[in-house]
Amino acid sequence: MEDVIEETLRIAKEKFSSFGFKETQIEQLLGSGKRDLFNELEKLKSLLASQPQNIEQISKSLHALKGLFLNMGNTKAADLMADLRKENDPAKSIGKIEAFLESGEIN
């Protein structure tokens with residue numbers, strides 16, 4: 001989980017710099033983005049740990065993460081969130097989400 005956050009922050013910093021933001025603005029945006037990503041990832045972990053799992057809430061969390069990743073320029077992670085939402089088999093999707101939270105990648 002930490003790896004995907006750090007990668008997203010690296011991408012966002014480059015993106016924001018290319019837009020001409022000042023360093024203080026970039027640091028504020030990165031701080032806010034990091035906090036939001038961490039909070040939503042923790043929420044997703046909590047949703048996965050609850051029994052029974054609420055697939056609709058998990059899907060909403062994935063949607064929120066997709067938006068955060070897109071806003072910060074990490075299109076690869078955003079695409080992964082979109083793919084997870086499209087998975088037809090909830091058990092398979094849950095396994096992929098858990099793998100993503102552990103490694104930052106989906107197998």
Side-chain angles (χ1 to χ4, degrees):
M1 183 170 86
E2 293 83 18
D3 290 345
V4 75
I5 292 174
E6 291 306 314
E7 174 69 7
T8 301
L9 292 174
R10 185 192 62 74
I11 292 168
K13 185 171 185 172
E14 290 175 15
K15 177 183 174 182
F16 298 150
S17 292
S18 72
F19 286 152
F21 286 104
K22 296 178 181 175
E23 191 64 31
T24 55
Q25 293 170 312
I26 292 171
E27 291 306 315
Q28 289 174 343
L29 289 167
L30 294 178
S32 175
K34 182 177 183 177
R35 182 191 66 242
D36 292 346
L37 276 175
F38 180 81
N39 288 341
E40 195 60 44
L41 287 165
E42 285 296 318
K43 177 181 175 182
L44 181 58
K45 283 170 64 175
S46 176
L47 289 167
L48 292 172
S50 65
Q51 293 300 325
Q53 292 172 328
N54 186 327
I55 300 302
E56 184 178 333
Q57 289 300 315
I58 291 170
S59 179
K60 286 180 181 180
S61 183
L62 291 171
H63 182 71
L65 283 166
K66 180 184 86 169
L68 288 169
F69 285 129
L70 279 175
N71 286 341
M72 297 182 77
N74 191 342
T75 56
K76 182 180 176 184
D79 289 344
L80 293 174
M81 298 301 105
D83 289 345
L84 287 170
R85 290 187 74 214
K86 292 177 189 173
E87 180 65 56
N88 291 327
D89 180 359
K92 189 174 181 182
S93 181
I94 297 299
K96 288 181 178 181
I97 295 167
E98 290 170 341
F100 171 76
L101 289 174
E102 285 186 32
S103 69
E105 296 181 15
I106 297 176
N107 301 324

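The figures that follow rest on heavy atoms only: side chains count, while hydrogens, waters and symmetry mates do not.
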Could I get the full list of side chain to side chain donor-acceptor pair (under 3.5 Å) partners for Glu14, not counting sequence neighbours?
-> Arg10
Might you point out which heavy atoms bring Ala77 and Val4 nearest each other, and give the distance in Å?
-> CB-CG2, 4.2 Å
Taking the side chain as every heavy atom from C-beta outward, state whether Ile94 and Ile58 have any atom pair closer than 4.5 Å.
-> yes
For Phe21, check ring-ring contact (aromatic ring centres under 6.0 Å, His included) against everything at least two apart and list the hits.
-> Phe16
Under a single-linkage definition using a 4.5 Å side-chain heavy-atom cutoff for Ile, Leu, Val, Met, Phe, Trp and Tyr, are Leu65 and Ile11 assigned to the same hydrophobic cluster?
-> no
If you round to the nearest 0.5 Å, how far is CD1 of Ile97 from CG of Leu48?
-> 5.5 Å
Could you grab the distance from atom CG of Asn54 to atom OG of Ser61, nearest 0.5 Å is fine?
-> 11.0 Å
Do you know the tightest heavy-atom contact between Ser17 and Ile26?
-> OG-CD1, 3.3 Å
Rounded distance (nearest 0.5 Å) linking atom CG of Leu80 with atom CG of Asn74 | 8.0 Å
Kindly write out the residues that satisfy side chain to side chain donor-acceptor pair (under 3.5 Å) with Ser59, not counting sequence neighbours, or none if the list is empty.
-> Arg85
Applying salt bridge (charged side-chain N to carboxylate O under 4.0 Å, His left out) to Lys45 and not counting sequence neighbours gives Glu42
Qualifying residues under side chain to side chain contact (heavy atoms under 4.5 Å, CB included), relative to Lys43, sequence neighbours excluded | Glu40, Leu47
With Glu23, which residues qualify under salt bridge (charged side-chain N to carboxylate O under 4.0 Å, His left out), at least two apart?
-> Lys13
What closest approach, in Å, do Leu70 and Lys15 show between heavy atoms, and which atom pair accounts for it?
-> O-NZ, 3.5 Å
Separation between CG of Leu29 and OG1 of Thr24, rounded to the nearest 0.5 Å = 9.5 Å
Drop me the distance from Ser93's OG to Asn88's CG, to the nearest 0.5 angstrom.
-> 9.5 Å
In chain order, what residues pass the salt bridge (charged side-chain N to carboxylate O under 4.0 Å, His left out) check against Glu98, with sequence neighbours excluded?
-> none
How many angstroms lie between atom CG of Leu30 and atom CE of Met72, to the nearest 0.5 angstrom?
-> 5.5 Å
With sequence neighbours left out, which residue pairs that include part of residues 22-75 fulfil the ring pair (Phe, Tyr, Trp, His ring centres under 6.0 Å) condition?
-> none
So do the side chains of Lys96 and Phe100 get within less than 4.5 Å of each other, counting heavy atoms only?
-> no
Qualifying residues under side chain to side chain contact (heavy atoms under 4.5 Å, CB included), relative to Asp36, sequence neighbours excluded = Ser32, Leu68
In chain order, what residues pass the salt bridge (charged side-chain N to carboxylate O under 4.0 Å, His left out) check against Lys34, with sequence neighbours excluded?
-> Glu6
Looking at residues at least two apart in the chain, or sitting in another chain, which of them share a side chain to side chain donor-acceptor pair (under 3.5 Å) with Gln57?
-> none
Kindly state each residue pair satisfying salt bridge (charged side-chain N to carboxylate O under 4.0 Å, His left out) with at least one member in residues 55-73, sequence neighbours excluded.
-> Glu56-Lys60
